[in-house]
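Only one structure is covered here, and it is reproduced in the block below.
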Amino acid sequence: MKIGYPCINRSVGCTPNTTFRLTSYSPEKMKEKVRNNLDCLEKTIRFNIDNNLLFFRIGSPLIPFASHPVCKFKWQEHFKEHFCRIGELIKNNKMRISMHPDQFTLINSKKSDIFKRSVKELVYHEQVLNLLGLNKTHKIQIHVGGVYGEKEKSIERFIDRYRDLPINVKERLVIENDENSYSLKECLFISNKTKVPVLLDVFHHSLKNNGESIAESFEEVKKTWKKKDGIPMIDYSSQGKGKRRGSHTEKINLNHFKNFMKKVEKFDFDLMFEIKDKEKSALKAIKFLSLND
DNA sequence: TCACGTCAAGCAGAT
DNA sequence: ATCTGCTTGACGTGA
């Protein structure tokens, strides 16, 4: 099992997500920001390796406006070596990477131009993983999308659209249950039709489910990850104390985590801590697990 | 140097 | 009708 956290490390003193306003776009600015982001990504990856944090999510702003028409800069060519170097670090240390395009990426949108932009965005994410030289166990996770007041039709549209995606995207794509639209059960239905692996978000699942236990859910999800996909990726968080229902906790709740681990100890999976203090909670989890071997 | 309004993109649920 | 959350941050103008 690999433990990790998403997008940002709060200890390394830099961010791999610097960006700029569309109005101030220039190829020079683009180059400057991408270089900064890649430098910081490398620093973050090194921190992760040193601390045995072997699962990491690369944030979408790594290449700002990568899928936007304004971007004519050939970042793929220009930073080829840099990607290569970071990729070697990742591979040599057997790290695993995920990416999570943001909420605007909608495969099942009713509007075809939103779908087209979404494909571009997915292609961008796929290019990053490809330039790093990573195999197909490194994934891109998205939610199913909108409901538009007609869930069955929206699911059918997802399935149809999925079938037409570029093969490179398809090989990387996994779908994740969310807390208000598409539950695990619906993701599994879609997976059954398309063979897309399902990434279980245990916090979302606790908020929207069909009565399945965590162990039952793991059992079902496991079947959707084939050998080429690697072991299942799981997103973990818990309810923030005194905060709105569905709001992520600031720091790991070790009691909740202990309880969770007890229920899934017989499964093999990689675990992403979607917790606000990022690497701190992931490190606490690693410490906790090593003490309880 | 800092505060704070705003930032490419969409949807759902809460207020 | 408008705001907030989503992986939530970071930019950049004005003081």
Side-chain angles (χ1 to χ4, degrees), chain A residues 4-10 12-26 29-30 32-34 36-37 40 44 55-71 97-125 139-151 154-155 157-158 161 174-183 186 199 201-204 207-208 233-240 243-250 271-279 281-282:
Chain A
Y5 61 97
C7 308
I8 288 188
N9 180 302
R10 309 244 185 235
V12 295
C14 65
T15 166
N17 299 320
T18 56
T19 179
F20 50 88
R21 297 288 182 259
L22 188 53
T23 48
S24 61
Y25 174 88
S26 72
K29 187 158 247 177
M30 179 86 192
E32 173 204 326
K33 297 296 180 185
V34 174
N36 172 81
N37 289 348
C40 184
T44 304
F55 190 20
F56 184 66
R57 183 179 303 157
I58 296 178
S60 300
L62 186 72
I63 316 293
F65 301 104
S67 72
H68 192 281
V70 77
C71 176
I97 300 295
S98 66
M99 295 189 83
H100 193 333
D102 64 32
Q103 59 272 27
F104 311 106
T105 305
L106 291 163
I107 301 270
N108 79 345
S109 175
K110 294 182 92 158
K111 298 178 188 159
S112 70
D113 59 317
I114 292 178
F115 171 63
K116 281 180 197 156
R117 281 204 296 274
S118 299
V119 173
K120 286 198 173 125
E121 186 69 0
L122 289 169
V123 167
Y124 150 59
H125 284 78
K139 296 298 189 186
I140 300 169
Q141 63 189 94
I142 57 166
H143 295 290
V144 176
V147 176
Y148 310 98
E150 38 181 26
K151 191 174 264 183
S154 299
I155 288 178
R157 196 165 49 247
F158 181 96
R161 294 265 180 78
V174 303
I175 54 171
E176 177 186 359
N177 60 302
D178 66 86
E179 79 277 38
N180 40 40
S181 300
Y182 293 95
S183 67
E186 288 150 346
L199 189 155
D201 182 313
V202 295
F203 184 41
H204 287 161
L207 298 166
K208 183 178 178 68
M233 290 175 167
I234 304 288
D235 281 357
Y236 171 87
S237 184
S238 61
Q239 175 65 43
K243 300 208 286 186
R244 208 193 85 264
R245 175 184 143 97
S247 167
H248 292 209
T249 184
E250 292 288 334
L271 193 58
M272 177 72 59
F273 281 85
E274 291 190 332
I275 292 181
K276 303 233 192 241
D277 71 358
K278 308 287 176 180
E279 79 283 357
S281 282

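Keep in mind that the numbers below use all heavy atoms, side chains included, and drop hydrogens, waters and symmetry copies. So that the names make sense, note that chain A is the first sequence line, chain B the second, and so on, each numbered from 1.
Checked against a 6.0 Å centroid threshold, the rings of A/His143 and A/Tyr182 do not count as neighbours. For A/Phe203 and A/Tyr236, the ring centers sit 6.0 Å or farther from each other. The aromatic ring centroids of A/Phe273 and A/Phe55 lie 6.0 Å or more from each other.
Ranked by how close their nearest DNA chain C nucleotide is to the 5' end, A/Pro6 and A/Lys33 are led by A/Pro6.
Atom CD in A/Glu250 sits about 12 Å away from atom C1' in C/dT8, given to the nearest Å. For the pair A/Asp277 CG and C/dT7 P, the computed distance is 17 Å after rounding to whole Å. Separating the CZ atom of A/Arg245 from the C1' atom of C/dC6 is a distance of 15 Å, rounded to the nearest angstrom. In this structure, the CD1 atom of A/Ile63 is 20 Å from the P atom of B/dA9, given to the nearest Å. Between the C1' atom of C/dC11 and the CZ atom of A/Phe65 lies a distance of 10 Å, rounded to the nearest Å. Between A/His204 atom NE2 and C/dG5 atom P the separation is 14 Å, expressed in whole Å. At whole-Å resolution of the value, CZ in A/Arg57 and C1' in C/dC6 are 12 Å apart. Residue A/Ile142 contributes atom CD1, which lies 19 Å from atom P of C/dC6 at whole-angstrom precision.
For the side-chain hydrogen bond (donor to acceptor under 3.5 Å, both in side chains) test with A/Ser67, the passing option among A/Glu121, A/His125, A/Arg117 is A/Glu121; the others fail.
Atom NZ of A/Lys116 has 12 or fewer heavy atoms from other residues, nucleotides or ligands within 6.0 Å.
Smallest separation of non-hydrogen atoms from A/Gly4 and A/Ala282: O-CB, 4.0 Å. Nearest heavy-atom pair, A/Phe56 versus A/Met272, reported as atom, atom and distance to 0.1 Å: C-CE, 3.9 Å.
Residue A/Val70 is classed as having no contact, given no heavy-atom separation below 4.0 Å to the nucleic acid. Among the protein residues, A/Pro101 comes within range of the nucleic acid bases, having at least one heavy atom under 4.0 Å from a base atom. The residue A/Gly246 sits close only to the backbone: its heavy atoms come under 4.0 Å of sugar-phosphate atoms, none of a base. At a threshold of 4.0 angstrom between heavy atoms, the contacts of A/Tyr148 are confined to the sugar-phosphate backbone, with no base atom among them.
Partners of A/Cys14 under the disulfide bond (SG atoms under 2.5 Å apart) rule, at least two apart in sequence or in another chain, are A/Cys40.
Rounded to the nearest 0.5 Å, atoms OH (A/Tyr25) and OG1 (A/Thr19) are 11.5 Å apart.
Side-chain N or O atoms of A/Asn108 include one that pairs as donor or acceptor with a backbone N or O of A/Gly146 at under 3.5 Å. In this structure a side-chain-to-backbone donor-acceptor pair under 3.5 Å is missing from A/Lys120 to A/His68. A donor-acceptor pair under 3.5 Å links the side-chain atoms of A/Arg245 to the main chain of A/Leu207, judged by distance alone.
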Can you give me the N/O atom pairs linking the protein to nucleotides 13-15 of chain B at distances under 3.5 Å, or say none if there are none?
from, atom 1, to, atom 2, distance (Å)
B/dG13, OP1, A/Asn180, O, 3.3

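Electrostatic pairing of A/Glu176 and A/Lys139 does not count as a salt bridge here, judged by no charged N lying under 4.0 Å from a carboxylate O.
Spacing between B/dT6 and C/dT8 at atom P, rounded to whole Å, works out to 24 Å. Only the C1' atoms considered, B/dC7 is 23 Å distant from C/dA1, to the nearest whole Å. Comparing the C1' positions of C/dT7 and B/dT1 gives an interatomic distance of 30 Å, to the nearest angstrom. Spacing between C/dT13 and B/dA8 at atom P, rounded to whole Å, works out to 12 Å.
Between the side chains of A/Ser60 and A/Asp102, not a single donor N or O lies within less than 3.5 Å of an accepting N or O. Using modelled atom types and a 3.5 Å distance limit, the side chains of A/Ser183 and A/Asn177 yield no donor-acceptor pair.
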Once pairs are restricted to Watson-Crick or G-U wobble with both distances under 3.5 Å, how does DNA chain C read as a dot-bracket string, [ ] for crossings and | for other-strand pairs?
||||||..|||||||

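Comparing atom distances between the A/Ile114 side chain and each of C/dG9, B/dA12, B/dC11 picks out B/dC11 as nearest. Candidate nucleotides C/dG9, C/dT8, B/dA8 were compared by shortest atom distance to the side chain of A/His248, and C/dT8 ranks first. You'll find that the side chain of A/Lys29 is closest to C/dG12, out of C/dT7, C/dG12, B/dC11.
Put simply, A/His100 has a side-chain N or O that comes within less than 4.0 Å of OP1 or OP2 on C/dT7. The phosphate of C/dT7 (OP1 or OP2) has no side-chain N or O of A/Lys276 nearer than 4.0 angstrom. For the OP1/OP2 pair of C/dT7 and a distance below 4.0 Å, the side-chain nitrogens and oxygens of A/His143 include at least one atom meeting the criterion.
Among residues at least two apart or in separate chains, salt bridge (charged side-chain N to carboxylate O under 4.0 Å, His left out) pairs with a member in residues 56-66 of chain A are A/Arg57-A/Asp235, A/Arg57-A/Glu274.
Residues from residues 17-26 of chain A placing a heavy atom under 4.0 Å of any atom in DNA chain C, listed by number, are A/Asn17, A/Thr18, A/Thr19, A/Phe20, A/Arg21, A/Ser24. Proximity of residues 102-113 of chain A to DNA chain C (heavy atom under 4.0 angstrom from any strand atom) is restricted to A/Asp102, A/Gln103.
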